[in-house]
Amino acid sequence: MANYYDPADLAKFGKIGDFQKPLADKYFAWYGEVFAEGALTQREKSLIALAVAHAIQCPYCIDAYTTDSMEKGASEAMMMEAVHVAAAIRGGASLVHATMMMNKVNETLM
Amino acid sequence: MSIAVKSLRARGAELADAQVQLRVLHDADVVALPAFARTMADHGVPSLVPTRMRVLQLNIGKMCNQSCKHCHVDAGPDRTEMMSRHLLQTCIDVARDNAFDVVDITGGAPEMHPDFRWLVTELTSTGIKVMVRCNLTIIVANPKYHDLPEFYAQHGVHVVSSLPFYEERNTDRQRGDGTFRDSIRALHMLNDVGYGIEGTGHVIDLVYNPVGALLPGPQAALEQDFKRVLRQQHGLEFNSLICITNMPISRFLDFLLSSGNYVAYMEKLVNAFNPAAALGVMCRDTISVGYDGTLYDCDFNQMLDLPVAGPSRHITQFDASALMRRHIVVDQHCYGCTAGAGSSCGGQIATE
């Protein structure tokens with residue numbers, strides 16, 4: 001393995017079915033339905049995916065959903081605000097645990 | 001920050017030559033793509049033949065006040081090619097005698113042609129509907145063009161104008177600094193004479209084409225965004241949004257190659273091949289005329305020097321029945337019109 005991440009691997013995603021087809025078929029069918037226009041627009045879903053991609057720091061997903069968001073007409077400001085939402089939740093997830101630390105402090109000290 | 005672009009011709013670039021562009025599109029060492037005609041056949045789409053003569057599209061010259069990075073015409077201020085008055089008169093006669101529904105005038109900036117107003121007046125006085133591909137900024141480029149909105153309204157011209165995005169930054173990135181502000185000014189002038197205003201009958205459609213190596217998104221959703229933002233932020237109205245895919249030719253091909261996006265873009269177009277879009281492509285009811293009178297199946301074939309097949313290859317030898325019997329010339333760039341929801345000069349072809 002020369003590299004852990006290779007941009008060319010993104011296009012090979014569909015090949016996960018080569019090792020286990022029934023599960024891959026189910027996954028991709030479900031994936032397609034998830035991103036279809038529904039109660040949320042396709043663009044809203046793409047921006048959620050872009051935010052999640054940054055939260056889980058998946059380079060393939062960032063590549064794919066930056067393009068997809070632009071193709072769905074998202075502006076640069078919309079995409080950056082989506083990433084800030086991800087960052088705010090990630091930061092908040094750490095900070096809200098400070099309440100545990102504070103509880104422990106308060107229980108421990110006289 | 002957008003940098004001024006010179007035409008490929010002015011830069012002496014190899015890609016200014018249509019043969020070089022076609023060679024790139026066929027170079028299997030760069031990316032091996034199935035032949036367009038083969039893909040059509042594999043999807044059960046019959047080879048393309050005309051349905052009728054609806055639109056006569058006249059490219060009356062390559063001169064333009066702008067030089068956009070993606071221009072498929074390689075137009076710009078340095079291009080001087082223009083259709084002669086004699087050929088313009090022949091086009092008028094052909095449009096009238098063959099009962100075309102619409103004459104679609106494009107360029108370059110067609111308004112820079114010295115006979116532009118004469119052409120529009122002659123056509124509309126014979127009852128032919130006229131559509132003009134107006135880049136908007138020409139209206140404010142020089143005081144002599146400031147009355148174009150009134151001229152259009154007076155002659156019932158259907159105006160079709162490029163505005164690649166509803167935000168300044170992305171529009172200027174493609175079309176040059178200051179383009180967005182000038183376009184907004186021009187749109188206000190068009191609104192002022194009734195264009196885009198319900199009940200006036202004066203129609204202005206905007207053209208969206210992606211600012212980069214992307215496919216256009218769903219036309220209806222983008223139209224809503226454009227309408228909302230232009231109304232709220234600029235107090236502007238327009239009729240419809242037309243989504244057009246950038247064809248991999250001329251200056252957009254140059255951008256794809258120099259930015260390293262060529263292979264991925266071509267693969268994207270091929271993978272998004274849509275048989276429904278292929279059946280509705282514009283070349284089936286359009287004849288495109290070059291500034292020298294040569295006939296083409298579309299404006300993109302025109303830029304690649306691919307004239308119509310058959311004996312009627314020049315406006316002076318226009319033969320409607322021979323043209324209706326022709327096979328439409330296709331090549332690898334045609335993947336641009338058949339990708340996803342499809343693309344034509346009238347916008348998205350199929351429902352996604």
Side-chain angles (χ1 to χ4, degrees), chain A residues 3 5-18 24-25 27-51 53 58-84, chain B residues 31-33 163-174 180 206-230 232-233 241-246 259-261 263-272 339-341 343 347-348 351-352:
Chain A
N3 298 299
Y5 284 119
D6 181 349
D9 287 343
L10 177 57
K12 298 178 195 161
F13 189 17
K15 288 189 178 295
I16 63 165
D18 290 355
D25 287 349
Y27 169 75
F28 285 118
W30 172 66
Y31 190 102
E33 284 204 32
V34 164
F35 281 93
E37 189 94 359
L40 293 173
T41 65
Q42 288 183 319
R43 186 170 66 203
E44 285 165 340
K45 291 180 181 187
S46 190
L47 286 167
I48 293 169
L50 182 70
C58 167
Y60 300 117
C61 313
I62 292 172
D63 184 345
Y65 281 95
T66 301
T67 303
D68 194 65
S69 294
M70 287 192 285
E71 290 188 340
K72 297 293 187 297
S75 65
E76 290 165 9
M78 286 178 192
M79 292 192 285
M80 189 58 86
E81 286 184 22
V83 175
H84 273 285
Chain B
V31 56
L33 300 170
L163 191 69
F165 208 54
Y166 51 76
E167 290 186 338
E168 181 167 0
R169 188 177 149 93
N170 284 348
T171 297
D172 287 4
R173 206 178 249 184
Q174 180 185 82
F180 187 78
L206 295 182
V207 175
Y208 162 87
N209 53 300
V211 187
L214 305 162
L215 291 183
Q219 190 163 282
L222 281 167
E223 182 179 289
Q224 280 179 13
D225 294 335
F226 269 71
K227 289 208 164 178
R228 179 175 45 81
V229 176
L230 290 179
Q232 284 175 1
Q233 296 186 6
L241 186 75
I242 293 170
C243 288
I244 299 187
T245 303
N246 289 309
S259 64
N261 280 300
V263 172
Y265 189 74
M266 290 308 294
E267 285 174 342
K268 189 188 275 262
L269 292 182
V270 173
N271 291 335
S343 179
Q348 182 177 306
T351 310
E352 280 196 315

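In what follows, chains carry the letters A, B, and so on, assigned in the order in which the sequence lines appear, proteins first and then strands, with residues in each chain numbered from 1.
If you measure heavy-atom distances from B:Tyr166 to chain A, the contacts under 4.5 Å come from the side chain alone. When heavy atoms are compared at a cutoff of 4.5 Å, B:Asn170 approaches chain A solely by way of its side chain, counted from C-beta outward. Neither the backbone nor the side chain of A:Ala36 comes within contact range of chain B; no heavy atom of the residue lies under 4.5 Å from a heavy atom of that chain.
Going from atom CG of B:Leu215 over to atom NZ of A:Lys72 covers 9.5 Å, rounded to the nearest 0.5 Å. The distance from atom CZ of A:Arg43 to atom CG of B:Leu222, rounded to the nearest 0.5 Å, is 7.0 Å. Atom CE of A:Met78 and atom CG of B:Asp225 lie 6.0 Å apart (nearest 0.5 Å).
Here the closest heavy-atom approach between residue B:Glu167 and residue A:Ser75 is recorded as OE1-CB, 3.3 Å. The two atoms that bring A:Ala74 and B:Phe165 nearest to each other are O-CZ, 4.2 Å, heavy atoms only.
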